[in-house]
Amino acid sequence: MGTSDKNSQLGNVVDIFSGRPVTDTDEKRIIRLAPELDGLEMLYSNDASEGRMFSLQILCWGLRENGEVIGLVPWLNQIMSCTDLCDPLNGHWQGYYDPGIDEVFEDAPLHKIVELETAADYYEYQCESPSDVIQEVPDTIGTHAILSDDGFQNLTLSEVISWRLYFDGSILGMLADDEKVLSTPILPGDDCLYPAEENPNFKYFFQHHIANKIKSKDPEAIAAISLLVDQ
């Protein structure tokens with residue numbers, strides 16, 4: 001089947017919530033999340049470090065409208081699919097990695113596929129707006145958001161508490177507004193949480209090991225930030 005045939009068929013499919021024709025973008029919309037709790041990682045390489053491989057912990061797995069299950073990671077200023085990886089150094093996704101058994105694989109684990117498909121069948125949502133919240137999962141990999149209002153001369157690192165999935169498929173990292181904290185620990189769904197993307201000083205997401213290096217002013221971490229600033 002050619003692309004034009006597929007697009008033509010999609011144009012005849014109508015979303016039951018919005019009444020709009022389904023597009024390729026709709027097909028890739030994330031409709032359900034499952035946290036990664038066993039330490040699986042994403043492997044990637046880049047053109048600046050030929051012959052080397054890098055790993056990044058997977059935050060969660062996402063089920064798309066079209067049935068595809070993909071790993072998701074915080075990457076630069078958004079969360080994105082491992083298979084769609086793109087970075088300033090021409091990053092390339094190389095596969096998923098299980099460090100416990102030293103195995104590399106290309107498809108999502110079967111147990112995560114079953115978990116997501118089962119949950120999607122079980123839960124039914126009646127949404128009236130693209131901004132309706134479908135699901136919220138805790139951040140289990142120590143993601144931090146970097147905030148700066150002076151061109152990275154001074155940095156503030158704020159812990160990401162959770163990730164909120166909206167009906168339109170967007171996934172936003174949630175930070176705590178210190179002035180609205182009424183109790184601790186701060187849990188997903190707390191009224192003090194707000195999307196990092198709504199903070200005008202938000203720049204990037206980093207996992208905990210990089211965030212700790214930034215806190216300690218590690219030269220390599222500072223150099224990496226400088227590289228991003230120059231992009």
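Only heavy atoms go into these numbers, but all of them, side chains included; no hydrogens, no water, no symmetry mates. Keep in mind that this is a model prediction, so the values were computed, not measured.
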K.L.:
Which value, rounded to the nearest 0.5 Å, describes the distance between Phe206 atom CZ and Leu56 atom CG?
P.N.:
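Separation between the atoms: 11.0 Å.
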
K.L.:
The criterion is side-chain contact (heavy atoms from CB on, under 4.5 Å); which residues satisfy it with Leu172, sequence neighbours excluded?
P.N.:
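If we apply the side-chain contact (heavy atoms from CB on, under 4.5 Å) test to Leu172, skipping adjacent residues, the hits are Tyr166, Pro195, Glu197.
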
K.L.:
Going only through I, L, V, M, F, W and Y residues with side-chain contacts under 4.5 Å, is there a path from Phe105 to Met53?
P.N.:
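Result: no, two separate clusters.
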
K.L.:
Minimum heavy-atom separation for Thr83 and Ser81, please, with both atom names.
P.N.:
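Nearest heavy atoms, Thr83 then Ser81: OG1-OG, 2.7 Å.
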
K.L.:
Taking all heavy atoms of Leu63 and all of Leu116, pick out the closest pair and write down the distance.
P.N.:
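Taking Leu63 first and Leu116 second, the nearest heavy atoms are CD2-O, 3.8 Å.
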
K.L.:
Got a sec, which residues hit side chain to side chain donor-acceptor pair (under 3.5 Å) with Asp168, two or more places apart in sequence or on another chain?
P.N.:
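Scan of Asp168 (side chain to side chain donor-acceptor pair (under 3.5 Å), adjacent residues dropped) gives Ser170.
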
K.L.:
Taking side chain to side chain donor-acceptor pair (under 3.5 Å) as the cut-off, I'd like each qualifying pair that reaches into residues 96-113, sequence neighbours left out, listed once.
P.N.:
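Listed once each, the pairs are Tyr97-Asp102, Lys112-Glu115.
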
K.L.:
Other than Val114, what residues sit in its cluster of Ile, Leu, Val, Met, Phe, Trp and Tyr side chains whose heavy atoms are under 4.5 Å apart, directly or through others?
P.N.:
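Members besides Val114, by chain and number: Leu110.
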
K.L.:
So does Ala196 get a backbone contact from the side chain of Asn199, meaning a donor-acceptor N/O pair under 3.5 Å?
P.N.:
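Judged by distance alone, no pair lies under 3.5 Å.
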
K.L.:
Identify the heavy atoms of Leu40 and Pro99 that sit nearest to each other, and give their distance.
P.N.:
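Looks like CA-CD, 4.5 Å.
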
K.L.:
Apply side-chain contact (heavy atoms from CB on, under 4.5 Å) to the pair Met42 and Leu85, showing each step before the final yes or no.
P.N.:
CA-CA 10 Å; Met42 172 190 75; Leu85 180 65; 4.2 Å; yes

K.L.:
Less than 4.5 Å apart, side chain to side chain, heavy atoms only: is that true for Val133 and Leu165?
P.N.:
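The answer is no; the side chains never approach within 4.5 Å.
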
K.L.:
Taking the side chain as every heavy atom from C-beta outward, state whether Ile171 and Leu33 have any pair of such atoms under 4.5 Å apart.
P.N.:
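Yes, at least one pair of side-chain atoms sits under 4.5 Å.
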
K.L.:
Do Leu37 and Val73 sit in one hydrophobic cluster, given that two such residues count as connected whenever their side-chain heavy atoms are within less than 4.5 Å of each other, even indirectly?
P.N.:
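No, no single cluster joins them.
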
K.L.:
Is there a donor in the side chain of Ser148 and an acceptor in the side chain of Asp150, or the other way round, less than 3.5 Å apart?
P.N.:
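Distance-only check passes for Ser148 and Asp150.
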
K.L.:
Taking salt bridge (Lys or Arg N to Asp or Glu O under 4.0 Å) as the test, write out the residues that go with Glu68, two or more places apart.
P.N.:
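Result, salt bridge (Lys or Arg N to Asp or Glu O under 4.0 Å) vs Glu68: Arg64.
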
K.L.:
According to a 4.5 Å side-chain heavy-atom criterion applied to Ile, Leu, Val, Met, Phe, Trp and Tyr, with indirect links allowed, do Val104 and Ile58 form part of one hydrophobic cluster?
P.N.:
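In one cluster: no.
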
K.L.:
Excluding sequence neighbours, so at least two apart, what forms side-chain contact (heavy atoms from CB on, under 4.5 Å) with Leu187?
P.N.:
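With neighbours one apart ignored, the set is Pro185.
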
K.L.:
Can you sort out the partners of Glu136 under salt bridge (Lys or Arg N to Asp or Glu O under 4.0 Å), two or more places apart, ordered by chain and number?
P.N.:
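Glu136 satisfies salt bridge (Lys or Arg N to Asp or Glu O under 4.0 Å) with Arg164 once adjacent residues are dropped.
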
K.L.:
Can you name the side-chain contact (heavy atoms from CB on, under 4.5 Å) partners of Asp139, sequence neighbours left out?
P.N.:
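In terms of side-chain contact (heavy atoms from CB on, under 4.5 Å), with neighbours along the sequence ignored, Asp139 is linked to Leu59, Ile141, Thr143, Val160, Trp163.
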
K.L.:
Determine whether the aromatic ring centres of residues Trp75 and Tyr44 are separated by less than 6.0 angstrom.
P.N.:
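Tyr44 vs Trp75: aromatic centres under 6.0 Å.
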
K.L.:
If every non-hydrogen atom of Leu175 is compared with every non-hydrogen atom of Glu159, which pair is closest and at what distance?
P.N.:
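Looking at all heavy atoms of both residues, the shortest contact is CD2-O, 3.6 Å.
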
K.L.:
Checking side-chain contact (heavy atoms from CB on, under 4.5 Å) for the pair Gln94/Phe54: CA distance, chi angles, key distance, verdict?
P.N.:
CA-CA 9 Å; Gln94 298 292 343; Phe54 304 90; over 6 Å; no

K.L.:
Which heavy atom of Pro109 sits nearest to which heavy atom of Trp61, and what is that distance?
P.N.:
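Reported closest heavy-atom pair: CD-CH2, 3.4 Å.
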
K.L.:
Side chains of Leu193 and Ile186: does their closest heavy-atom pair fall under 4.5 Å?
P.N.:
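Yes, close enough: below the 4.5 Å cut-off.
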
K.L.:
Could you work out, with side chain to side chain donor-acceptor pair (under 3.5 Å) as the rule, every residue matching Gln57, not counting sequence neighbours?
P.N.:
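Here no residue qualifies.
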
K.L.:
Kindly indicate whether the side chain of Leu147, heavy atoms from C-beta on, has any atom under 4.5 Å from the side chain of Ser158.
P.N.:
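Contact flag for Leu147/Ser158 side chains = yes.
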
K.L.:
With side chain to side chain donor-acceptor pair (under 3.5 Å) as the rule and sequence neighbours excluded, what pairs involving residues 177-189 come up?
P.N.:
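Applying side chain to side chain donor-acceptor pair (under 3.5 Å) to every pair that reaches into residues 177-189, excluding sequence neighbours, yields nothing.
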
K.L.:
What are the two closest heavy atoms between Pro188 and Ile161, and how far apart are they?
P.N.:
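Smallest interatomic distance, heavy atoms only, reads N-CG2, 4.3 Å.
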
K.L.:
With rounding to the nearest 0.5 angstrom, report the CG to CD distance, Leu72 to Gln78.
P.N.:
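The distance works out to 11.0 Å.
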
K.L.:
Which pairs count as ring-ring contact (aromatic ring centres under 6.0 Å, His included) when at least one residue sits in residues 178-202, sequence neighbours excluded?
P.N.:
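The answer is Phe202-Phe205.
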
K.L.:
Restricting to pairs with a member in residues 31-43, which pass salt bridge (Lys or Arg N to Asp or Glu O under 4.0 Å), not counting sequence neighbours?
P.N.:
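Qualifying pairs, neighbours excluded: none.
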
K.L.:
Would you say that Ile70 contacts Asp84 through its side chain, given a criterion of any heavy-atom pair below 4.5 Å between the two side chains?
P.N.:
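No - every pair of side-chain heavy atoms lies 4.5 Å or more apart.
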
